[in-house]
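So the structure is just underneath, and the comments pick up after that.
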There are 2 protein chains.
Amino acid sequence: MTHMAQASDRSATRWERRGQQVRSHRTQDAILDAAEELFARRGVETTAVTDVAAASGRSIGSIYHHFTNKETLVAAVVDRLLDDLETSVATAIDPSRWQAQDIRGVARAYVGNSLRLDERRPGFKRIIVEVSLVDAATRERYHRLRRRLDDGITALLLERRTEIGHPEPELAARFCVDQLTAMLTARLDSEMTPTQLEAAPDEAFVRHAVESVAGHLRLASAGS
Amino acid sequence: MTHMAQASDRSATRWERRGQQVRSHRTQDAILDAAEELFARRGVETTAVTDVAAASGRSIGSIYHHFTNKETLVAAVVDRLLDDLETSVATAIDPSRWQAQDIRGVARAYVGNSLRLDERRPGFKRIIVEVSLVDAATRERYHRLRRRLDDGITALLLERRTEIGHPEPELAARFCVDQLTAMLTARLDSEMTPTQLEAAPDEAFVRHAVESVAGHLRLASAGS
DNA sequence: ATTATCTATAGATCTATAGATAATGC
DNA sequence: ATTATCTATAGATCTATAGATAATGC
């Protein structure tokens, strides 16, 4: 049984000491989960390693066995967050995935996915902001991802330029993506800057955002 | 001379020990200035009272003479920030100040003033956000100010409803203010979320924002 | 035999205070 | 005489390590 590769098992037969590795992996996940939750809620610098230990049900010694120091632990949490974002971005801007959709569909999917990422990883922004202040590499990786996302969405809009009634499609598309980003930033930040739509459910916000896009680009009214 | 009230002197003659008070006041200002700068750059919780002492050229003992504990010092910095915002808001929404202006003028002034406040007090948002996380009173005072500002600007727009071509002026005005807030939030946050306009100078951003307002409300084109 | 985990604690900060010294104004 | 300032330091955290104990797989 130890020599049989199981379908749902990521670990290959060539791995040795699989039990230890599984155990180790589980602990690391528990530590990272607890750390992410605490970092998001109370800040990175403000969270003590002892807090992470307590929240993950492990001891300090165990944490320092898996992570050489607090900096490494923080980096691991951040990497996991940015890996998640990277995956989201890749699917968001993949043209083949959206072939059947018109501009409204693309906008709807973009805004909806952004809201869902925030739901899956609450405090994502807070952690990235705090770490970015002291770590240039994190800041740059995040910026690259954001730019790739913006450029990708703009490209998806311009692939559908027959729908666009605006006389300068390039300019209008860029402006539009900026506006969507601004609306999303404001909504995800609404804990701090209240908006009229703040109380509205996600669904209404998405509809609102899509109509804003339609207005800017001067799409044919109604649609799908 | 001690009994003559001086025109430019806030202290009245009934005050005693004026020299000491002036000295004391100067020290408190120096401490608050240093604290605000450090809090904005490196975070509130992350800044040690010793750091504030060093940056203000005073000793720890002196700081604890003027402020009973770190919490009080933080509260004093936050109060100063919010007082400043309160003054800005009051002039921003004062109808008598904008009588000569049309909607474009009001929008231009609003956006310009917001940018200028951020320049005068860089890191304003960062400090308020961090403190708001642990202090409900600060969060609520900030929220009240933001709402008063939004409502006030909306009212200024609606006082000029003859300019508005949109069939539903109320709705359009609210939406418009939300959109401006979103654009401002995004720009002031552009260190984190890059935008197309990020590199553009303030002047261009203001023009852009005003044109966005004009478009939404369907103002007569051109204008002042 | 190796890897994972725990307990206990050294060493580095950081907050806050006590007590001495200096400046100000009666 | 009162208020402002400083130096020195106690006590509370927090990071990181050392060394003992438990689990895993040869």
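Note on naming: letters A, B, ... go to the chains in the order of the sequence lines (proteins, then strands), and numbering restarts at 1 for each one. Keep in mind that what you see is a predicted model, and the values were worked out from it rather than measured.
- One can place CZ of R58(B) at 19 Å from P of dT3(D), the figure rounded to the nearest angstrom.
- Residue-to-nucleotide proximity on DNA chain C shows that, of H65(A) and I60(A), the 5′-proximal contact is made by H65(A).
- Look at CG on N69(B): it is 15 Å from P on dT13(D), rounded to the nearest Å.
- Remark: F175(B) CZ to T195(A) OG1 distance equals 11.5 Å, nearest 0.5 Å.
- Between T50(A) and dT13(D), a side-chain N or O to OP1/OP2 separation shorter than 4.0 Å is absent.
- Distances from the side chain of S62(A) to the nucleotides dC6(D), dA23(C), dC6(C) place dC6(C) closest.
- Under a cutoff of 6.0 Å and an axis angle of 45°, R187(B) and F205(B) form a cation-pi pair.
- Ring-plane geometry between Y142(A) and F124(A) is classed as tilted, the angle between the planes lying from 30 to 60 degrees on a 0 to 90 degree scale.
- Rounded to an integer number of Å, the gap from Q28(A) CD to dT5(C) C1' is 13 Å.
- Distance K70(A) NZ to dA16(D) P: 8 Å, rounded to the nearest Å.
- Between the P atom of dT13(C) and the CD atom of E45(A) lies a distance of 13 Å, rounded to the nearest Å.
- An OP1 or OP2 oxygen of dA4(C) is reached within less than 4.0 angstrom by a side-chain nitrogen or oxygen of S24(A).
- Within the 4.5 Å cutoff, no side-chain heavy atoms of Y64(B) are placed close to those of T72(B).
- Here dA8(C) presents its P atom at 17 Å from CD1 of I63(A), a figure rounded to the nearest Å.
- Of the residues near DNA chain D, D51(A) and G61(A), the one whose nearest nucleotide (by heavy atom distance) lies more toward the 5' end is D51(A).
- At whole-Å resolution of the value, CD in Q21(A) and C1' in dT5(C) are 17 Å apart.
- In terms of position on DNA chain D, the residue among T68(A) and G57(B) whose nearest nucleotide sits closer to the 5' end is G57(B).
- Look at OH on Y64(A): it is 18 Å from P on dT9(C), rounded to the nearest Å.
- Between the W98(A) side chain and the A92(A) main chain, a donor and an acceptor come within less than 3.5 Å of each other.
- Under the Watson-Crick or G-U wobble criterion, with both distances below 3.5 Å, dT5(D) is paired with dA20(C).
- Taking 4.0 angstrom as the limit, H66(A) places none of its side-chain polar atoms (N or O) nearer than this to OP1 or OP2 of dT3(C).
- When distances are taken from the side chain of S59(B) to each of dT24(D), dC6(D), dA16(D), the shortest belongs to dC6(D).
- The side chain of T27(B) places an N or O atom within less than 4.0 Å of a non-bridging phosphate oxygen (OP1 or OP2) of dT5(D).
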